[in-house]
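Here's the structure we're looking at; comments come further down.
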Amino acid sequence: MSLARNEATLSTFHFTITLEGLSDISEELTDRLFEAGCDDTLLRCCNGVVYLDFDRDAPSLAEAIGSAVRDITAAGCLPAQITLTGEGD
């Protein structure tokens, strides 16, 4: 007997979210973001700008970005800018 599955096909979406009002990375910030669900990202800082490079699995780009923004705000941060850095895989 075969069981039918209603699973959405996931793709990996690559994008960067710049964080508002931050100019440096602290261990506390890193922990907050990780605990909020940003475990699929690289937290970086360049010239006083803090940003997250995401490789997020989701059924669509909108869902990937939406979940990332929810995770960032749950960590007490504000997204300032979103930049697409690659196509979904």
Side-chain angles (χ1 to χ4, degrees):
M1 179 167 88
S2 171
L3 297 175
R5 290 184 168 188
N6 291 329
E7 293 181 9
T9 301
L10 298 181
S11 294
T12 302
F13 296 94
H14 312 284
F15 53 94
T16 299
I17 299 181
T18 303
L19 300 182
E20 186 174 304
L22 297 173
S23 60
D24 202 4
I25 297 171
S26 67
E27 186 173 335
E28 184 263 341
L29 173 63
T30 302
D31 291 344
R32 281 192 350 239
L33 287 164
F34 184 82
E35 290 169 9
C38 296
D39 58 352
D40 55 352
T41 184
L42 177 61
L43 179 60
R44 299 170 24 131
C45 182
C46 182
N47 296 324
V49 177
V50 176
Y51 56 96
L52 297 157
D53 289 327
F54 279 90
D55 293 318
R56 180 139 301 190
D57 295 331
S60 70
L61 176 60
E63 290 179 71
I65 291 173
S67 67
V69 168
R70 283 189 298 278
D71 292 347
I72 288 169
T73 56
C77 300
L78 295 174
Q81 181 178 356
I82 300 168
T83 307
L84 300 180
T85 57
E87 300 287 327
D89 302 336

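Quantities reported herein were computed from a predicted structural model and do not represent experimental measurements.
Taking 4.5 Å as the limit, every side-chain heavy atom of P59 sits out of range of all side-chain heavy atoms of T9. Counting heavy atoms from C-beta outward, T73 and P79 have side chains that approach closer than 4.5 Å.
Taking A36 as the reference, A74, A75 meet the side chain to side chain contact (heavy atoms under 4.5 Å, CB included) condition, with sequence neighbours excluded.
With rounding to the nearest 0.5 angstrom, the OG1 atom of T83 is 12.5 Å from the CZ atom of F54.
When all heavy atoms are compared, the tightest approach of D39 to F34 is CB-CE1, 3.3 Å.
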Side chains of residues 17-29: which donor-acceptor pairs under 3.5 Å do they make with residues two or more places apart or in other chains?
residue: S26; atom: OG; partner: L29; partner atom: N; Å: 3.0
residue: E28; atom: OE1; partner: R32; partner atom: NH1; Å: 2.9
residue: E28; atom: OE2; partner: R32; partner atom: NH1; Å: 2.7

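When hydrophobic clusters are built by joining Ile, Leu, Val, Met, Phe, Trp and Tyr residues whose side-chain heavy atoms come closer than 4.5 Å, directly or via intermediates, V69 is grouped together with L84. Follow the hydrophobic side-chain contacts under 4.5 Å out from I82 and you reach L33 in the same cluster. Cluster membership check: I72 does not share its hydrophobic cluster with Y51, using side-chain heavy-atom separations under 4.5 Å among Ile, Leu, Val, Met, Phe, Trp and Tyr.
Listed by first then second residue, pairs satisfying side-chain hydrogen bond (donor to acceptor under 3.5 Å, both in side chains) with a partner in residues 53-62 read T12-D57, H14-D55, T16-D53, D40-R56, R44-D53, R56-S67, R56-D71, S60-E63, not counting sequence neighbours.
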